[in-house]
There are 2 protein chains.
Amino acid sequence: MSTNSKSLKSTRQEPGVSGLRMTNQRALILEIIRQRRGHLDADEVYRQARQKQPRLSLSTVYRNLQTLKKLGFIEELHFNEEHHHYEIRLATEHHHLACLGCGRIIEFQYPLARLIKRNVAEAKDFEVIDTELRMTGYCTECHQEGK
Amino acid sequence: MSTNSKSLKSTRQEPGVSGLRMTNQRALILEIIRQRRGHLDADEVYRQARQKQPRLSLSTVYRNLQTLKKLGFIEELHFNEEHHHYEIRLATEHHHLACLGCGRIIEFQYPLARLIKRNVAEAKDFEVIDTELRMTGYCTECHQEGK
DNA sequence: TTCTTTATTGCTAATGCTTCTCACTACCGA
DNA sequence: TCGGTAGTGAGAAGCATTAGCAATAAAGAA
């Protein structure tokens, strides 16, 4: 609706993405993911965004999540099968431990992609595009509680 | 319907799982996954199983997939977000490269779980239950085709 | 500024995988 | 033979995500 914006082409983060527009909705969604240093799912983004733009539609959230992912601004995570989570794409490779008890997500850095690329992919002549590690278990607290 | 069976308790592969029964349907589903050395999704299991038991229901497939997973007979894989795949649980830890071009799945062995456990989980005092690596890219053929 | 093109939005319906419900059946031990 | 209960088949329901479409607004040109 109100879409006073600047072209995506002119943003500093990304080279030329001709044809795309930086609308208020898109900027807001990106901002929410950027600010909240965590892992949001589509519905959380939607709920937060509606506080600023009440008329925003859920479709728009999903569409922009896909767009921002393709553009490389954000990353899609798969902690569980029910739905996806999103985070800002950072330069350093990192992965996540998801606690089955409390749901907490613990991040850690590990050069997995490079390791696999060197030890496996090269031997198989496989060009790796994306690497995602999915680990579940129990954090200290939940472990102690014996659950 | 026809459930001439023996209790799961008496199967050689698994210790005592009291209360559970090894029905024809369950045995068939397990057999299909065991024989076809590949990665079947629920629908493929369903289609194949119906050739032997035409009255089998899709619900039964899903229910048994979950049961067999919990019992540790099969493993659930997540190559993509659309749906799950299943394979027989093997002793050796292995992972998969999924080709975005032709859909081929390439298996490889790598002691990832142990590595992460030693280098990360212990430091964070995190008890790892499950480790799944998800890698996508292009196999030799698809890479050469420039796609 | 105004015009034109077309990406984007909001709404709603649809999709597709998976789970749930429920009445019925089959097994097991007593 | 009987009671308790796991399992089944059929269809409905759940739920995250996508698609269709008319209306709107961004970006560049005139």
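Labels below follow one simple rule: chain letters A, B, ... track the order of the sequence lines, proteins then strands, and each chain is numbered from 1.
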message: With a cut-off of less than 4.0 Å, is there a side-chain N or O of B:Arg63 near OP1 or OP2 of D:dG9?
response: no
Report each atom pair, protein N/O against N/O of nucleotides 12-15 of chain C, whose distance is under 3.5 angstrom.
| from | atom 1 | to | atom 2 | distance (Å) |
| --- | --- | --- | --- | --- |
| C:dT12 | O4 | A:Ser59 | OG | 3.0 |

Note, A:Phe73 side chain near A:Leu30 side chain (heavy atom, < 4.5 Å): yes
message: D:dA6, OP1 or OP2 - any side-chain N/O from B:Arg26 closer than 4.0 Å?
response: no
task: Calculate the interatomic distance between A:Leu56 atom CG and C:dC11 atom C1'; express it in whole Å.
output: 12 Å
field: Sequence-distant partners of B:His85, ring pair (Phe, Tyr, Trp, His ring centres under 6.0 Å), two or more places apart
entry: B:Phe79, B:His83
- prompt: To the nearest angstrom, how far is B:Leu65 atom CG from D:dG7 atom C1'?
  reply: 15 Å
statement: By salt bridge (Lys or Arg N to Asp or Glu O under 4.0 Å), B:Asp125 pairs with (sequence neighbours left out) none
task: Sequence neighbours left out, what passes salt bridge (Lys or Arg N to Asp or Glu O under 4.0 Å) with B:Arg47? Give chain and number order.
output: B:Asp43
task: Mind checking side-chain hydrogen bond (donor to acceptor under 3.5 Å, both in side chains) for B:Arg114 and listing every partner two or more places apart, or none if nothing turns up?
output: none
- prompt: How long is the line joining CG of A:Leu28 and C1' of C:dT9, in whole Å?
  reply: 14 Å
- prompt: Just how far, in rounded Å, is C1' of C:dA7 from CG of A:Leu68?
  reply: 14 Å
Quiz: residues 99-113 of chain A side-chain donor-acceptor pairs under 3.5 angstrom, not counting sequence neighbours:
| from | atom 1 | to | atom 2 | distance (Å) |
| --- | --- | --- | --- | --- |
| A:Glu107 | OE2 | A:His39 | NE2 | 2.9 |
| A:Tyr110 | OH | B:Asn119 | ND2 | 3.3 |

field: Set of residues satisfying salt bridge (Lys or Arg N to Asp or Glu O under 4.0 Å) with respect to B:Glu81, sequence neighbours excluded
entry: B:Arg134
- request: Answer with yes or no whether A:Arg21 presents, from its side chain, a donor or acceptor under 3.5 Å of a partner atom in the base of D:dA27.
  value: no
- prompt: Does one side chain, of A:Tyr86 or A:Glu76, offer a donor that lies under 3.5 Å from an acceptor on the other?
  reply: yes
query: For D:dG9, does either OP1 or OP2 sit under 4.0 Å from a side-chain N or O belonging to B:Gln25?
result: yes
task: Starting from C1' on D:dG9, measure out to CG on B:Asn24 and report it in whole angstrom.
output: 15 Å
Tabulated below should be each protein N or O lying under 3.5 Å from an N or O of nucleotides 15-17 of chain D; please produce it.
| from | atom 1 | to | atom 2 | distance (Å) |
| --- | --- | --- | --- | --- |
| D:dT17 | OP1 | A:His84 | N | 3.1 |
| D:dT17 | OP1 | A:His84 | ND1 | 3.4 |
| D:dT17 | OP2 | A:Tyr62 | OH | 2.4 |

statement: A:Gln53 atom CD is separated from C:dT8 atom P, nearest whole Å, by 15 Å
query: Taking CZ from B:Phe79 and C1' from C:dC17, how many angstroms apart are they, rounded to a whole number?
result: 17 Å
field: Distance, rounded to the nearest Å, where B:Tyr46 contributes OH and D:dT8 contributes C1'
entry: 13 Å
statement: Those residues at least two apart in sequence (or on a different chain) that pass salt bridge (Lys or Arg N to Asp or Glu O under 4.0 Å) with B:Glu93 are none
query: For C:dT8, does either OP1 or OP2 sit under 4.0 Å from a side-chain N or O belonging to A:Thr23?
result: no
- prompt: Below 4.0 angstrom from OP1 or OP2 of D:dT8, is there any side-chain N or O of B:Asn64?
  reply: yes
